[in-house]
Amino acid sequence: MAGRPSKYKTEYAEQAYKLCLLGATDAEIADFFEVDEATVNRWKNDYPEFCESIKRGKTPADAEVAASLYKRATGYKVNTVKVFQFQGEPVIVPVVEEIAPDTGAAMAWLKNRRKQNWRDKQDVDLNIKEMPEIIIKRSE
């Protein structure tokens with residue numbers, strides 16, 4: 001093989017896995033290993049265990065975010081407590097708090113899940129297929 005030897009070490013696969021569980025992007029992984037993002041992409045091609053560890057780490061992290069976004073988009077209930085004071089004594093009251101759906105989260109969810117129907121950009125066809133017949137009336 002010609003060229004410089006790779007900086008890749010077998011322990012990088014486990015480190016990349018843990019970074020991905022924390023939500024790291026490929027650019028952040030590259031920064032962690034002090035290499036370019038292109039090098040990380042090359043390692044994914046050259047070292048199947050490295051590529052697999054990244055996929056394995058990103059899957060649960062992405063799923064957790066998707067679940068949180070879905071909950072935020074649809075609204076949810078959370079058990080909490082309120083603390084009051086009654087006759088100088090603290091009183092702790094369990095409360096079920098309802099979190100209203102968030103339209104921004106709903107839009108983000110739909111834009112990612114229903115790409116065809118939920119986009120900011122609209123395609124408009126500006127080509128004229130038929131020339132409309134124009135009737136000019138003269139007033140006499």
Side-chain angles (χ1 to χ4, degrees):
M1 271 178 71
R4 184 182 327 156
S6 176
K7 288 184 174 182
Y8 181 80
K9 297 177 184 171
T10 55
E11 59 265 21
Y12 286 2
E14 185 64 22
Q15 290 171 324
Y17 167 73
K18 290 176 181 176
L19 287 168
C20 288
L21 283 176
L22 296 172
T25 63
D26 286 358
E28 291 167 331
I29 292 168
D31 187 49
F32 178 82
F33 292 123
E34 298 179 346
V35 297
D36 284 356
E37 191 173 350
T39 301
V40 169
N41 290 328
R42 203 169 24 260
W43 289 350
K44 285 193 232 175
N45 288 329
D46 296 344
Y47 305 98
E49 73 280 1
F50 183 74
C51 184
E52 187 55 38
S53 70
I54 288 176
K55 287 179 186 175
R56 215 170 22 95
K58 284 185 178 182
T59 298
D62 291 348
E64 187 175 339
V65 171
S68 296
L69 180 61
Y70 179 78
K71 275 180 64 174
R72 187 76 178 142
T74 58
Y76 59 98
K77 294 180 181 178
V78 62
N79 293 323
T80 185
V81 295
K82 297 279 182 182
V83 180
F84 301 98
Q85 185 173 348
F86 180 72
Q87 296 179 347
E89 295 293 319
V91 177
I92 300 172
V93 179
V95 176
V96 177
E97 207 172 318
E98 190 164 333
I99 308 300
D102 181 299
T103 54
M107 289 300 295
W109 178 266
L110 290 169
K111 283 179 187 179
N112 284 293
R113 296 287 289 235
R114 304 281 185 228
K115 290 180 178 141
Q116 295 294 36
N117 300 331
W118 292 90
R119 303 184 310 169
D120 289 331
K121 178 182 137 188
Q122 293 182 1
D123 295 327
V124 178
D125 184 5
L126 298 176
N127 295 319
I128 299 173
K129 296 186 178 27
E130 289 183 26
M131 187 65 161
E133 188 176 313
I134 300 173
I135 300 172
I136 300 174
K137 290 186 178 183
R138 292 186 190 178
S139 59
E140 296 185 29

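- Among all heavy-atom pairs drawn from Glu34 and Lys7, the shortest one is O-NZ, 3.8 Å.
- For Asp102, the salt bridge (charged side-chain N to carboxylate O under 4.0 Å, His left out) test picks out Arg72, with sequence neighbours left out.
- Between Lys58 and Asp26 a salt bridge is recorded (basic side-chain N to carboxylate O distance below 4.0 Å).
- Counting heavy-atom neighbours within 6.0 Å of Glu52 CD, excluding the residue itself, gives a total above 12.
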Name every donor-acceptor pair, under 3.5 Å, that has one atom in a side chain of residues 14-23 and the other anywhere in the protein, sequence neighbours excluded.
none

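- A side-chain donor-acceptor contact under 3.5 Å links Glu28 to the backbone of Thr25.
- Here the CD-CD1 distance, from Glu49 to Ile54, works out to 10.5 Å after rounding to the nearest 0.5 Å.
- In this view, Tyr70 and Trp109 satisfy the ring pair (Phe, Tyr, Trp, His ring centres under 6.0 Å) rule, not counting sequence neighbours.
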Could you go step by step and tell me if Thr39 and Tyr8 meet the side chain to side chain contact (heavy atoms under 4.5 Å, CB included) rule? CA-CA 9 Å; Thr39 301; Tyr8 181 80; over 6 Å; no
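- Linking ILVMFWY side-chain heavy atoms closer than 4.5 Å, directly or via other members, places Phe86 and Phe84 in a single hydrophobic cluster.
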Steps toward side chain to side chain contact (heavy atoms under 4.5 Å, CB included) verdict (Val35, Trp43): CA-CA 11 Å; Val35 297; Trp43 289 350; 4.0 Å; yes
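- The two atoms that bring Pro101 and Ala73 nearest to each other are CB-O, 3.2 Å, heavy atoms only.
- In this structure, NZ on Lys82 lies 5.0 Å from CD on Glu97, to the nearest 0.5 angstrom.
- Side-chain N or O atoms of Ser53 include one that pairs as donor or acceptor with a backbone N or O of Phe50 at under 3.5 Å.
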